Each structure stands twice: as structure tokens, then as C-alpha cells.
Amino acid sequence: MFPVIIISGPSGSGKSSTIWNLLKRDNNPCPLRLSVSATTRSPRPGEIEGIHYYFWTKQRFQEAINHQEMLEHALVHQLDYYGTPITEVEPYRHQGVGVILDIDVQGMEQVIQKYPDALTIFITAPDLQKRLFDRGESEESIRRRLETAQKEYQYIHRYQEKINNICLEDTVNQLQSIIQHRLQMIPKEKSCVR
Ligand code: 5GP
């Protein structure tokens, strides 16, 4: 079984682009998939249900927690709930797939309790404010996201690997090589089969 791969980092650091670009590559060391999170926030233009997120009501989210259907969950940006349904991870781990979780630091702390062998990676980027502005975030959203980023940086030491996203292509290369490296450390009989 390949360990889950937890990727965190402040909003605007380029985590999502890095992950989507990695998934597009055909030379990955192992089959990879991105876990689809559930969230109570509204979809942004272009976001598709079941691809980018499962967009749930607060009630649906609470029911999933009550029924122990979530691997982890957290209130992010002091605003909306986000969480990982267990069904997004467990069946795939058993098939030898490397499951990537794009989750915040609170989620990471919960997941490593359950999977102590998880690979944890923190992605940062220079000039977050400008990146958020360029992406069209409102002034209030930028303020909130930068505030969350300050808090998230305090947890950076909890991650095994850190990448500074200056050039997307380099960042994807680094992420790929970190995963490759971890795969080589897994005893042969436990590593995933292509
Ligand atoms: P956004 O609203 O910009 O898509 O995501 C906001 C933040 O929520 C990101 O930093 C992302 O890592 C985090 N996030 C997304 N999905 C999950 C999840 O399932 N669990 C947790 N704990 N955080 C998540």
C-alpha cells in the first residue's frame, strides 16, 4: 500500500496547478489520484461537482461527520468547512494508488494520526498577495487568505518536505522526485505495482 501524500500550503501558492500538472504526466513512479474533498463553500466559476469538490450543505457535511464518513475535516479561513470523505482514499490505497490530499494544516494533523507513514509536503510561493490579486480574489478574501497563511507558516516544521514554487515546471519536477524517492524507500512487496 502506498502512503497517502499530503500537500498543504497557503492559498495562492500554486498547490492545485502543481498537483494537476503532476497528474497529467505519464512518467509518474506510481499511479496517482487526487482525493476530491467536500466543502460547504459555493463553487467558483468553472468548478465542477465531483471533480474539484463535492459542494455540500452544512447539514450534509454534519451528517457525514456524525456517520464517521470523514477521514478529517476542518473550518478553513474561519469561514467554510472542508473535509476528506474516507471513500476518496481507502479503496484506492488498497489498489496501490498514491492518493494525494490537498488539505490544510489542521487536516494534516488529523491524517497523520491515522496514517503515521503519510508523506507530507508544504508548498510556498513568493509574493502571495500579488498572486491572489492576479487570480481575481476580492480585497476581503485576500486579507483573510493572507491571515490564514501566517498561521499556516507556523506549522511548516511539521512537514517532511518543503517546496518554494518559483517556477511551476521545477515545482512539479521536485514533487515528482520526492514521491519517487519515497517509493524507493518502501520495501518491494509493499510498493505499488504498475
Ligand atoms: P479553496 O477554497 O481555495 O479551494 O481552498 C481553501 C483551502 O482549503 C486550501 O488551502 C485547501 O488546502 C484547503 N482544503 C481543501 N480541501 C480540504 C480538505 O478536504 N480538508 C482540509 N482540512 N482542508 C482542505
Side-chain angles (χ1 to χ4, degrees), residues 1-37 51-53 70-74 76 82-128 131 148-149 151-194:
M1 224 184 293
F2 192 68
V4 296
I5 303 157
I6 301 177
I7 302 184
S8 303
S11 199
S13 61
K15 268 175 311 176
S16 303
S17 311
T18 304
I19 296 167
W20 285 106
N21 276 280
L22 178 73
L23 294 177
K24 275 196 274 175
R25 291 191 172 179
D26 57 13
N27 62 343
N28 284 317
C30 165
L32 295 171
R33 96 176 281 272
L34 175 61
S35 157
V36 181
S37 296
I51 301 229
H52 298 99
Y53 281 106
M70 305 305 278
L71 178 62
E72 59 76 34
H73 67 276
V76 180
Y82 292 78
T84 307
I86 292 171
T87 49
E88 282 295 308
V89 181
E90 272 303 310
Y92 301 98
R93 287 184 80 222
H94 290 282
Q95 291 164 23
V97 173
V99 181
I100 300 178
L101 307 183
D102 170 354
I103 60 176
D104 81 334
V105 296
Q106 307 172 76
M108 177 277 294
E109 292 287 357
Q110 295 170 48
V111 175
I112 60 170
Q113 296 299 318
K114 291 175 184 160
Y115 303 136
D117 64 338
L119 170 59
T120 57
I121 303 157
F122 194 95
I123 299 186
T124 59
D127 213 348
L128 281 182
R131 292 170 68 101
T148 306
K151 291 187 192 138
E152 289 184 318
Y153 280 129
Q154 292 168 17
Y155 288 83
I156 199 164
H157 66 280
R158 301 281 295 149
Y159 290 79
Q160 296 155 353
E161 307 284 346
K162 291 108 197 163
I163 307 176
N164 193 13
N165 178 22
I166 294 167
C167 157
L168 183 62
E169 188 68 13
D170 287 350
T171 303
V172 181
N173 288 341
Q174 283 180 62
L175 179 58
Q176 194 178 39
S177 102
I178 288 168
I179 293 171
Q180 166 89 60
H181 183 76
R182 170 56 80 88
L183 198 60
Q184 282 162 358
M185 284 164 57
I186 296 175
K188 219 172 184 181
E189 68 277 14
K190 283 197 192 160
S191 68
C192 59
V193 191
R194 290 216 74 163

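Note that the coordinates shown come from a computational prediction; the quantities given were computed from them, not determined experimentally.
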Contact summary for S13 and G9, nearest pair of heavy atoms: OG-C, 3.9 Å

So, N28 side chain and P31 main chain: donor-acceptor pair closer than 3.5 Å or not? no

Is there side-chain contact between I178 and I163, with heavy atoms separated by less than 4.5 Å? yes

I want to check something: taking the side chain as every heavy atom from C-beta on, are L175 and I179 in contact at a cut-off of under 4.5 Å? yes

I need the L34 CG to H52 NE2 distance, nearest 0.5 Å. 9.5 Å

Could you measure the distance from the CZ atom of R131 to the OG atom of S11? Nearest 0.5 Å is fine. 10.5 Å

Ignoring hydrogens and angles, tell me if any N or O in the side chain of K15 forms a donor-acceptor pair with the backbone of D102 under 3.5 Å. no

Verify the distance criterion only: is there a donor paired with an acceptor across the side chains of T124 and N164 at less than 3.5 Å? yes

What one should report as the nearest heavy-atom pair of E72 and G107 is OE1-CA, 3.2 Å

Can you check whether Y82 reaches I103 side chain to side chain, under 4.5 Å on heavy atoms? no

Can you measure from CG (D104) to CD (E109) and round to the nearest 0.5 angstrom? 10.0 Å

Return yes if some donor-acceptor pair links the side-chain N/O of Q110 with the main-chain N/O of L71 below 3.5 Å, else return no. no

Do I112 and R158 have side chains that get closer than 4.5 Å, going by heavy atoms? yes

Once rounded to the nearest 0.5 Å, what's the spacing between atom OG1 of T171 and atom CD1 of I19? 12.0 Å

Would you call E152 and S8 a side-chain contact if the rule is heavy atoms closer than 4.5 Å? no

Judged by atom type as modelled, is there a donor-acceptor pair below 3.5 Å linking the side chain of R33 to the main-chain atoms of E88? yes

Could you tell me which non-hydrogen atom of F2 sits nearest to which non-hydrogen atom of G98, and how far apart they are? CD2-CA, 3.4 Å

Nearest-0.5 Å distance, CD1 of residue I100 to CG of residue L22: 5.0 Å

Can you name the nearest heavy-atom pair linking V36 to P85, along with the distance? O-CD, 3.6 Å

If you apply the rule side chain to side chain contact (heavy atoms under 4.5 Å, CB included), what do you find for T18 with I7, and how did you get there? CA-CA 10 Å; T18 304; I7 302 184; over 6 Å; no

Ring centroid separation F122 to Y155 under 6.0 Å: no

In short, P29 meets Q180 closest at the heavy-atom pair CB-OE1, 3.6 Å

Nearest-0.5 Å distance that lies between atom OG in S35 and atom CD1 in I6: 10.5 Å

Over all atoms of both residues, closest heavy-atom pair of E169 and R25: OE2-NH2, 3.3 Å

For the pair T120 (side chain) and Q160 (backbone), establish whether a donor and an acceptor sit closer than 3.5 Å, ignoring hydrogens and angles. yes

Could you tell me whether the side chain of S37 and the main chain of Y53 form a donor-acceptor pair under 3.5 Å? no

